[in-house]
Number of protein chains: 2
Amino acid sequence: MTPMKEDYLKIIFELGGVQKKISNKQIALGLGVAAGSVTEMIAKLVAEKLVIHEPYAGISLTKQGLRFATQLVRKHRLWESFLVQKLNYGLQDVHPEAELLEHETSQRLANALDTFLEHPKYCPHGGVIPDSDGKYNDISHLSLADVKDDEKVTVERFIDNHELLVYLSGTGLHINDKIKGLHHDPFEGPIQVIRMIDQAKIDISYKAAHNIFVHY
Amino acid sequence: MTPMKEDYLKIIFELGGVQKKISNKQIALGLGVAAGSVTEMIAKLVAEKLVIHEPYAGISLTKQGLRFATQLVRKHRLWESFLVQKLNYGLQDVHPEAELLEHETSQRLANALDTFLEHPKYCPHGGVIPDSDGKYNDISHLSLADVKDDEKVTVERFIDNHELLVYLSGTGLHINDKIKGLHHDPFEGPIQVIRMIDQAKIDISYKAAHNIFVHY
DNA sequence: ATTAAGAGTTCGGACTGCCTAAAATTTATT
DNA sequence: AATAAATTTTAGGCAGTCCGAACTCTTAAT
């Protein structure tokens, strides 16, 4: 296993490669490599029985590939939790560090970190941390953009994207805030919400709202 | 900079490449690579002005190469400290984990870790942790093997070697123990010492004694 | 001083993972 | 259904780092 192979498995997982077949292009875009490189690497992962590849149709994870991928997600999110909780990193700064550390993290280290952090369930931007067996409860996929006016919801998760997190740290919206939809501006304009606890009105851009997940 | 280049710089440093010229063979042995690979990599490091190479004579670090090397040692030892202090690793288990993590550790992360650990001066086996400017006070090179009978010394540092540390954890000898030399068996036999605090008699093998450093 | 051993260097070859360009296949449009 | 567009695969190359073998240089021993 190499860091790049791990990255391929992880992105296939993140693109939904557990059920769906993922396209070559999605992977190439996600990793920033050429399409030819993807085909080549996928062939290696097929040989290791980590993915299934139907030429021209798509790629998906085997059970074994899924195991690797969830462990990687676990390591990534444990490191993010560590960086925020213990080293006082800002939400928006943890991703690149975790991206590197996850590849050099043994099972033992992951478990020790998990214990040290007292078995966190969620990473700092709300993603579920799989347990050491790779189990995890999937989460809502209700985006803030789909919340109707006057509905009350709780902020659950942000997509782990630097620009988004920087933007959100400006708005003051946080994970676990209870909010109420107030108003959708037309033409992909901002969405206004009100935070229940302090009645603060917060504007969220249309695009950001699609990357914020909530639950009732 | 790649992990392997970093490993080359670090081992040159550890073999004493700040003053002395280090031989190709020492590096090859230390890293477990072929002699030819060393010559080749050294040529690259020369091109980057990180080492000086006099063909057939030896290799030493430039000022720049030394900076890289000390930062690497700093990261390595900070991780070792973290693993022992926070994650309850045993002394003998930290080296391989730190070996991997050090290469994926940004300056910022090293500093955050240093703060979190409250600026430790020494790593778990007694090595000095260089500060963020790469400064560090060099340590004694008086090995336990050279201590005369009846001299009282303090255990300062163990060489960071798995087998040695496993062996030592069996003997019960620890960093900062104050001990007195008792008896040198002839023919490279064990060295007996007595721990002042509890008068425990401890036998240390001849070879191990050469890898334990003490000060008065 | 010569020679043999040891150490260092050079060279050709391998492997990984990337790229670009060309060819093949699928999908979409007319 | 035919063609155009998009996607995927194939093929040939490049860079990094490794190896082993052959050659060169230094050192130690005769």
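Every chain is numbered from 1 and lettered A, B, ... according to where its sequence line falls, protein lines coming before strand lines.
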*Asks:* Heavy atoms from C-beta onward define the side chain here; which of dT8(D), dC18(C), dG17(C) lies closest to that of Val33(A)?
*Replies:*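 Given the options dT8(D), dC18(C), dG17(C), the side chain of Val33(A) is closest to dC18(C).
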*Asks:* For residues Glu97(B) and Ser106(A), report the shortest heavy-atom separation together with the two atoms involved.
*Replies:* OE2-OG, 2.7 Å
*Asks:* Reckon Gly58(A) touches a base, only the sugar-phosphate, or nothing at all at heavy-atom distances under 4.0 Å?
*Replies:* nothing
*Asks:* Calculate the interatomic distance between Lys21(B) atom NZ and dG8(C) atom P; express it in whole Å.
*Replies:* 14 Å
*Asks:* Whole-Å distance between dA7(C) P and Ile27(B) CD1?
*Replies:* 14 Å
*Asks:* When the distance from CD of Gln26(B) to C1' of dA7(C) is rounded to whole Å, what number comes out?
*Replies:* 12 Å
*Asks:* Check each of Arg74(B), His76(B), Lys75(B) against Thr105(B) using the side chain to side chain contact (heavy atoms under 4.5 Å, CB included) test, and report the only one that passes.
*Replies:* Lys75(B)
*Asks:* Within 45 degrees of the ring normal and closer than 6.0 Å to the centroid, is that where the cationic atom of Arg77(B) sits relative to Tyr136(B)?
*Replies:*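 No - Arg77(B) does not lie over the ring of Tyr136(B) by the 6.0 Å and 45° rule.
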*Asks:* Below 4.0 angstrom from OP1 or OP2 of dG16(D), is there any side-chain N or O of Thr2(B)?
*Replies:*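 The answer is no; no side-chain N or O of Thr2(B) sits under 4.0 Å from OP1 or OP2.
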*Asks:* Taking atom C1' of dA15(D) as reference, at what distance in whole Å does atom CE of Met4(B) sit?
*Replies:*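 Between C1' of dA15(D) and CE of Met4(B): 16 Å.
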*Asks:* Which ones in residues 36-57 of chain B lie close to DNA chain C, meaning a heavy atom under 4.0 Å from one of its atoms?
*Replies:*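 When residues 36-57 of chain B is checked for heavy atoms under 4.0 Å from DNA chain C, the hits, listed by number, are Gly36(B), Thr39(B), His53(B), Pro55(B), Tyr56(B).
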*Asks:* Give the rounded distance in Å between these two atoms: NZ of Lys25(B) and C1' of dC25(D).
*Replies:* 16 Å
*Asks:* Please name the pair of heavy atoms, one in Pro124(B) and one in Val84(B), separated by the smallest distance, quoted to 0.1 Å.
*Replies:* CG-CG2, 3.5 Å
*Asks:* Could you tell me the separation between the CD1 atom of Ile52(B) and the CG atom of Leu61(B), rounded to the nearest 0.5 Å?
*Replies:*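 Taking CD1 in Ile52(B) and CG in Leu61(B), the distance rounds to 9.0 Å.
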*Asks:* Calculate the interatomic distance between Leu31(A) atom CG and dG17(C) atom P; express it in whole Å.
*Replies:* 13 Å
*Asks:* Could you check how far NZ of Lys5(B) sits from C1' of dA15(D), rounded to whole Å?
*Replies:*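 Taking NZ of Lys5(B) and C1' of dA15(D), I get 11 Å after rounding.
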*Asks:* Report the C-alpha distance between His95(B) and His125(B) in whole Å, list the side-chain angles of each, state the deciding distance to 0.1 Å, and finish with yes or no for ring-ring contact (aromatic ring centres under 6.0 Å, His included).
*Replies:* CA-CA 10 Å; His95(B) 184 77; His125(B) 42 82; 7.5 Å; no
*Asks:* His162(B) and Gln92(B): side-chain donor and acceptor closer than 3.5 Å?
*Replies:*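 Checked: His162(B)/Gln92(B) side chains show no N/O donor-acceptor pair below 3.5 Å.
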*Asks:* Whole-Å distance between dT17(D) P and His103(B) NE2?
*Replies:* 12 Å
